[in-house]
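Note: hydrogens, waters and symmetry copies are ignored here, and every other heavy atom, side chains too, is used. Below, chains carry the letters A, B, ... as their sequence lines are ordered, and counting in each starts from 1.
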Amino acid sequence: MPPPDLRLSVFRTDGLTLEKVWEIGNREVINFMAQPKELYGVADIKVSQVKKVNLEVDPNDNPPRHANIIGWPPEKPRQMLIATELAAAAKLVLRA
Amino acid sequence: MSMLSLTYSKRSAIFFPDPRGVSDSANALQGQSEELQRHFAQSITFGEHLCEMLENLLKAKEEYSVDNWDGYGAKAIDEFSYEKAVRFALSLPSIIPTPEIHVDPDGEVRFEWYEGPRRVFSVSIANNYELSYAGLFGANKTYGIEQFHDDIPDAILDNIERVFSKGIYLGTTQRG
């Protein structure tokens with residue numbers, strides 16, 4: 001589900017090893033949580049799938065490789081449907 | 001060929017109407033009815049998966065009790081959404097399989113029934129009387145808003161049923 005500002009934070013992981021992906025996840029996501037949790041895995045999704053549900057990827061490289069998925073509708077039921085479609089299209093990669 | 005049709009009551013066996021009174025007596029009666037529902041939930045026959053749901057709701061309340069739990073400015077669990085979610089859980093017919101419980105970044109409690117990536121339905125409980133819902137059933141999609149007062153709306157129960165269209169058997173799903 002998107003956050004309140006409707007800019008869903010993601011990282012572009014093309015060409016990265018899984019080790020590097022975990023490193024980015026811990027450094028840029030887990031560290032910012034109010035109560036940091038264990039990172040168990042990531043959802044891997046292609047930009048084409050994001051566009052298929054009428055959203056856009058806005059790369060800002062701040063921090064490097066960072067982007068936002070934008071264009072979410074304001075209505076919660078539509079957000080829920082899109083999030084469900086994205087989850088269905090995503091590949092779950094669990095940490096070994 | 002013969003076919004057995006399983007029908008069930010769409011109302012919880014322990015249903016009590018949403019209180020409309022504002023007096024001390026009405027509040028006391030409401031407290032007693034909720035206490036009775038919780039005792040009923042602890043009975044082995046009827047309450048096993050209801051107990052599990054209530055426990056999971058409590059865990060969610062603890063886990064998502066502070067703002068920014070996701071590192072992206074998510075809101076802490078909304079107290080009123082939590083209270084309505086407990087009421088929603090108590091109102092579910094006992095035959096409905098136990099859902100997963102999540103908290104959304106807007107602080108609302110969300111119930112999800114999942115049988116696969118394209119067989120999933122979720123309901124988010126707002127801090128008013130609104131239920132936002134969305135579901136994927138193969139190539140079919142649904143989403144919308146329903147009001148939740150005394151009963152869980154039929155649209156919600158029918159969509160939960162669609163997730164388990166192969167059959168619902170006493171609080172669990174038919175496998176294989």
Which atoms of A:P2 approach chain B - backbone, side chain, both or neither, heavy atom under 4.5 Å: backbone

Options B:P105, B:G107, B:G135, ranked by heavy-atom pairs under 4.5 Å with chain A, top entry: B:P105

Shared hydrophobic cluster, A:L16 / A:V42 (ILVMFWY, side-chain heavy atoms < 4.5 Å): yes

Same cluster (ILVMFWY, side-chain, under 4.5 Å), B:L54 and B:L58: yes

For A:M80, the rest of its hydrophobic cluster, which grows through side-chain links under 4.5 angstrom: A:M1

Residue pair B:G73 / A:P4: nearest heavy atoms and the distance that separates them: O-CG, 3.9 Å

Residues forming a salt bridge (Lys or Arg N to Asp or Glu O under 4.0 Å) with A:K20, sequence neighbours excluded: A:E23

Using distance alone, with no hydrogens and no angle check, list the donor-acceptor pairs under 3.5 Å between chain A and chain B.
from  : atom 1 : to     : atom 2 : distance (Å)
A:S9  : OG     : B:Y72  : OH     : 3.1
A:F32 : O      : B:N68  : ND2    : 3.2
A:A34 : N      : B:N68  : O      : 3.0
A:K37 : NZ     : B:E63  : OE2    : 3.3
A:K76 : NZ     : B:D104 : OD2    : 2.7
A:K76 : NZ     : B:D106 : OD1    : 3.1
A:K76 : NZ     : B:D106 : OD2    : 2.9
A:K76 : NZ     : B:E108 : OE1    : 3.1
A:K76 : NZ     : B:S124 : OG     : 3.0
A:E85 : OE2    : B:K141 : NZ     : 2.7

Heavy-atom pair of closest approach, residues A:P77 and B:A134: O-CB, 3.7 Å

B:V66: hydrophobic cluster co-members (side-chain, 4.5 Å): none

Shared hydrophobic cluster for A:V29 and A:V57 (ILVMFWY, side-chain gaps under 4.5 Å): no

Cluster overlap B:L136 with A:V50, hydrophobic side-chain contacts below 4.5 Å: no

Cluster link B:I156 to B:F137, ILVMFWY, side chain under 4.5 Å: yes

